[in-house]
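What follows is a short report on a single structure.
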Amino acid sequence: MARPLPPRPAGPPAEPRRGLRLLRWALLTALVTIGPLLLYIAFGPADGNPIGLGLLAMAGVPAAGGLALAGVIYTVVESALARGQERRR
């Protein structure tokens, strides 16, 4: 017979790190803005000129890059703060 699991500690559920959440949003933004252009290149007509899709990708890639940069900074700061709190204990 399996042993019962220990009780969970009381308190709010663990929140995912903000930095990782920002990195996920950056990846999603990049996929959503580049995806239509890549699909058009792969399956569209050979002589097509997808100006609107190119403009969408051109606007979305820097936005995704900014989100990714913010996510990396948040992750580094959060891990440094967590290490500082562990050392104090």
Side-chain angles (χ1 to χ4, degrees):
M1 181 177 231
R3 292 187 300 175
L5 294 174
R8 298 183 86 192
E15 181 179 324
R17 293 185 162 185
R18 283 187 184 172
L20 295 177
R21 190 181 316 157
L22 283 173
L23 287 171
R24 283 188 221 129
W25 276 107
L27 180 63
L28 181 67
T29 302
L31 290 175
V32 166
T33 57
I34 296 173
L37 181 61
L38 293 177
L39 289 173
Y40 188 88
I41 291 170
F43 302 112
D47 60 346
N49 194 4
I51 302 261
L53 296 177
L55 291 174
L56 176 67
M58 189 179 76
V61 168
L67 282 174
L69 180 64
V72 168
I73 291 171
Y74 253 102
T75 303
V76 169
V77 169
E78 284 177 340
S79 65
L81 290 176
R83 284 184 190 157
Q85 289 177 356
E86 287 176 3
R87 289 182 184 167
R88 291 181 188 164
R89 291 181 185 177

### Query
Linking Ile, Leu, Val, Met, Phe, Trp and Tyr through side-chain heavy atoms less than 4.5 Å apart, which residues share a cluster with Ile34?
Leu38, Val61
### Message
If you compare all heavy atoms of Pro62 against all heavy atoms of Ala57, which two are closest, and at what distance to 0.1 Å?
### Response
CD-O, 4.4 Å
### Message
Restricting to side chain to side chain contact (heavy atoms under 4.5 Å, CB included), what partner residues turn up for Ile73, sequence neighbours left out?
### Response
Leu69, Val77
### Closest non-hydrogen atom pair between Arg18 and Glu78, with its separation
N-OE2, 3.4 Å
### Query
Tracing side-chain links under 4.5 Å among I, L, V, M, F, W and Y, which residues wind up in one group with Ile51?
Leu55, Met58
### Counterpart residues, side chain to side chain contact (heavy atoms under 4.5 Å, CB included), relative to Leu56 (two or more places apart)
Thr33, Pro36
### Shortest non-hydrogen contact between Ala68 and Leu23, atoms and distance
O-CD2, 3.5 Å
### Summary
Members sharing Leu37's hydrophobic cluster, built from side-chain contacts under 4.5 Å between Ile, Leu, Val, Met, Phe, Trp and Tyr, are Tyr40, Ile41, Leu53
### Query
Rest of the hydrophobic cluster containing Trp25 (Ile/Leu/Val/Met/Phe/Trp/Tyr, side-chain heavy atoms under 4.5 Å)?
Leu22, Leu28, Val32, Leu67, Tyr74
